[in-house]
Visitor: 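Submitted below is the structure of interest, expressed as structure tokens.
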Protein chains: 2
Amino acid sequence: MATRLILVKADGSVSIHADDRAYKPLNWMSPPCTFAELSAPADAHPDAEPVTALWEVRGRDGDTLQIAIGEVFSDSSHDLGIDPGLRKDGVEAHLQALLAEHPAALRPGLTLVRREHPTPIGPVDLLCRDAAGGYVAVEIKRRGEIDGVEQLTRYLELLRRDPLLGPVDGVFAAQQIKPQARVLALDRGITCVTIDYDALRGLDKADERLF
Amino acid sequence: MATRLILVKADGSVSIHADDRAYKPLNWMSPPCTFAELSAPADAHPDAEPVTALWEVRGRDGDTLQIAIGEVFSDSSHDLGIDPGLRKDGVEAHLQALLAEHPAALRPGLTLVRREHPTPIGPVDLLCRDAAGGYVAVEIKRRGEIDGVEQLTRYLELLRRDPLLGPVDGVFAAQQIKPQARVLALDRGITCVTIDYDALRGLDKADERLF
DNA sequence: ATATGCATCTCGCAG
DNA sequence: CTGCGAGGTGCATAT
């Protein structure tokens, strides 16, 4: 038993918050879920704090979350209406767009062949050619971790099976690259490039001024 | 402007919730952060809804979150006190502990060499030996997905470079294994084992009774 | 409905 | 403090 905040949203989710852990609840049930009040809660131990209500929230896979309520300090309900939504900036998609405009920022002489070049196991962020005409596959992340290196490795493996392309170089580009990811990349002959987002955006702005 | 829930926690975090997205806020600032009310909010557009207050939340890296408040429908504050905390059951650590006690549940004749056996790129969950004396590396997940297979593959690659160990088998153990992960594992010669947590715990309880 | 990839992920642990 | 792995991750998108 503890004083906690229970948040029931219109989407059907239920969250139980303590006064810490940032935005993450102690426990929760994601929608879709159904909500029921179990009748006549019986206290197992007479010494325990009395339970005045018992809620059961049932999730889609049959998981249940039971909430035993002792005392209610505050209970309010509000209709929030339709939300106008939220727009974000600076995510991976923007990095990809900027680098597609300025591939030479990754390696001098690099030119873009296409964005989201398809392979059987998913699209490569950028496919480029270097000054010598060789193909270069680029994987872009906001934060470069091992997963990204694995992803690029799989793409390279498939691209290199394509006789039309010939040898394919790999470039792993991110605003920040974790040491372990860097080690793994180098071990696999993949070049790491850390990106300065603001500088790149500046480059883009300068470009616009020229035309 | 929209009707939203603003949650300010004792840990200093601020979250802004819409009436959907399960427990995730539309926007937030994680602790540690400081909270200030900017004075005299000026409305840029006379037609816009009036802003009666303007909050600025500043994060550790200098990020700021500004909250413009029009009308307050409800405002309440509660002292939640110290939280007794939350104990979880059935997470990967428990699975690992149980399997370390009962490695033969993975494959008959298997015995434990050590838990968290170190490699240059991280620890292998379990290192075991089979009846024939050969080494077996075990990766344990609650939910087996492709990432886990990749992880085990990396460990195996490194362990197999160690001449002291000789050939090393791989076992991928999880309560639930996704079809694609299973296909990838089999393609790489890795054995998949789905674990019945309750049965394993029963095995453990039975063991305790013997001593 | 399911698989894949991103995220201001958050959180806990261990060096 | 930092890095890294786990999470009932959540969430959007493409298939």
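The structure displayed is predicted, hence computed values, not measured ones. Letters A, B, ... mirror the listed sequences (proteins, then strands); counts begin at 1.
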Visitor: With a cut-off of less than 4.0 Å, is there a side-chain N or O of B:Arg143 near OP1 or OP2 of D:dA6?
Guide: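 It does not, given that no N or O in the side chain of B:Arg143 lies less than 4.0 Å from OP1 or OP2 of D:dA6.
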Visitor: So, A:His17 versus B:Lys9: side-chain donor-acceptor pair below 3.5 Å or not?
Guide: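 A:His17 vs B:Lys9: donor-acceptor pair found between side chains.
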Visitor: Under 4.0 Å, counting only non-hydrogen atoms across every strand here, what does A:Glu145 touch: a base, just sugar-phosphate, or nothing?
Guide: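 Since no nucleic acid heavy atom lies under 4.0 Å of A:Glu145, the category is nothing.
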Visitor: Roughly, in whole Å, what's the span from NZ in B:Lys178 to C1' in C:dA3?
Guide: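 Rounded to whole Å, this separation is 7 Å.
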Visitor: Under 4.0 angstrom, heavy atoms only, what part of the nucleic acid is A:Ser30 near: base, sugar-phosphate, or nothing?
Guide: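 Answer is base: heavy atoms of A:Ser30 come under 4.0 Å of a base.
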Visitor: With nearest nucleotide decided by heavy atoms, which residue, A:Leu65 or A:Ala181, maps closer to the 5′ end of DNA chain D?
Guide: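 Comparing both residues, the 5'-ward one is A:Ala181.
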Visitor: Grab the OH-C1' distance between B:Tyr23 and D:dG7 for me, whole Å please.
Guide: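 Result: 8 Å.
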Visitor: Classify the nucleic acid contact of B:Met29 as base, sugar-phosphate or nothing, counting any heavy atom under 4.0 Å across all strands shown.
Guide: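 The answer is nothing, as B:Met29 stays clear of every strand by at least 4.0 Å.
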Visitor: Using a cut-off of 4.0 Å on non-hydrogen atoms, how would the nucleic acid contact of A:Glu139 be classed: base, sugar-phosphate, or nothing?
Guide: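 If one applies the 4.0 Å heavy-atom cut-off, A:Glu139 turns out to touch the sugar-phosphate alone, with no base involved.
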Visitor: Nearest-Å distance, CZ (A:Arg182) to P (D:dG3)?
Guide: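 Taking atom P of D:dG3 as the reference, CZ of A:Arg182 is at 12 Å.
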Visitor: For the pair made of CZ in B:Arg142 and C1' in D:dT9, what is the distance, rounded to whole Å?
Guide: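 So the two atoms are 10 Å apart, to the nearest Å.
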Visitor: For A:Arg188 and A:Thr153, does a side-chain donor sit closer than 3.5 Å to a side-chain acceptor?
Guide: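 Yes, a side-chain donor-acceptor pair sits under 3.5 Å.
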Visitor: Can you tell me how far C1' in D:dG10 sits from the matching atom in D:dA6, rounded to whole Å?
Guide: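 15 Å, rounded to whole Å.
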Visitor: Taking atom C1' of D:dG7 as reference, at what distance in whole Å does atom CD of B:Gln96 sit?
Guide: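 About 16 Å, once rounded to whole Å.
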Visitor: Residues of residues 2-17 of chain A with any non-hydrogen atom less than 4.0 angstrom from an atom of DNA chain D: list those, numerically ordered, please.
Guide: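 Residues of residues 2-17 of chain A under 4.0 Å from DNA chain D: none.
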Visitor: So, A:Thr64 versus A:Arg58: side-chain donor-acceptor pair below 3.5 Å or not?
Guide: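 Their side chains do not contain a donor-acceptor pair, so the 3.5 Å distance test is not met.
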Visitor: Between D:dG5 and D:dT9, how far apart are the C1' atoms? Round to whole Å, please.
Guide: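 Pairwise C1' distance, D:dT9 against D:dG5, rounds to 13 Å.
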Visitor: Would you say D:dG8 has OP1 or OP2 under 4.0 Å from some side-chain N or O of B:Gln175?
Guide: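 No, because none of the side-chain N or O atoms of B:Gln175 sits under 4.0 Å from OP1 or OP2 of D:dG8.
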Visitor: Quick one: side-chain contact (heavy atoms from CB on, under 4.5 Å) partners of B:Ala68, sequence neighbours excluded?
Guide: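 Checked B:Ala68 against side-chain contact (heavy atoms from CB on, under 4.5 Å); matches are B:Met1, B:Val51, B:Leu54.
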Visitor: Between B:Gln175 and B:Arg143, is there a side-chain donor-acceptor contact under 3.5 Å, judged purely by atom types and distance?
Guide: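 B:Arg143 vs B:Gln175: no donor-acceptor pair found between side chains.
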Visitor: Just how far, in rounded Å, is P of C:dG5 from CD1 of A:Ile140?
Guide: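 My rounded result for the distance is 15 Å.
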Visitor: If you compare every side-chain N and O of A:Lys24 against the phosphate oxygens of D:dT9 (OP1, OP2), does one of them come in below 4.0 Å?
Guide: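 Negative; the distance criterion is not met.
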Visitor: Does D:dT9 have OP1 or OP2 under 4.0 Å away from a side-chain N or O of A:Trp28?
Guide: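 The answer is no; no side-chain N or O of A:Trp28 sits under 4.0 Å from OP1 or OP2.
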Visitor: Write down the distance between CZ (A:Arg115) and P (D:dA14), rounded to a whole number of angstrom.
Guide: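 It works out to 13 Å between those atoms.
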Visitor: Mind running salt bridge (Lys or Arg N to Asp or Glu O under 4.0 Å) on B:Glu139 and B:Lys141 for me, showing each step along the way?
Guide: CA-CA 7 Å; B:Glu139 178 63 34; B:Lys141 295 285 178 200; 3.5 Å; yes
Visitor: Could you tell me the separation between the CE atom of B:Met29 and the CD atom of B:Gln66, rounded to the nearest 0.5 Å?
Guide: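 One gets 10.0 Å once the value is rounded to the nearest 0.5 Å.
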Visitor: With rounding to the nearest 0.5 Å, note down the distance linking CG in B:Leu112 to NE2 in B:His117.
Guide: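 That separation rounds to 11.5 Å.
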Visitor: For A:Pro31 and B:Tyr155, take the nucleotide of DNA chain D holding the closest heavy atom to each; which residue's nucleotide lies nearer the 5' end?
Guide: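 Here B:Tyr155 is the residue nearer the 5' end.
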Visitor: Can you tell me how far P of D:dG7 sits from CZ of A:Arg21, to the nearest Å?
Guide: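 Spelled out: CZ on A:Arg21 to P on D:dG7 is 15 Å.
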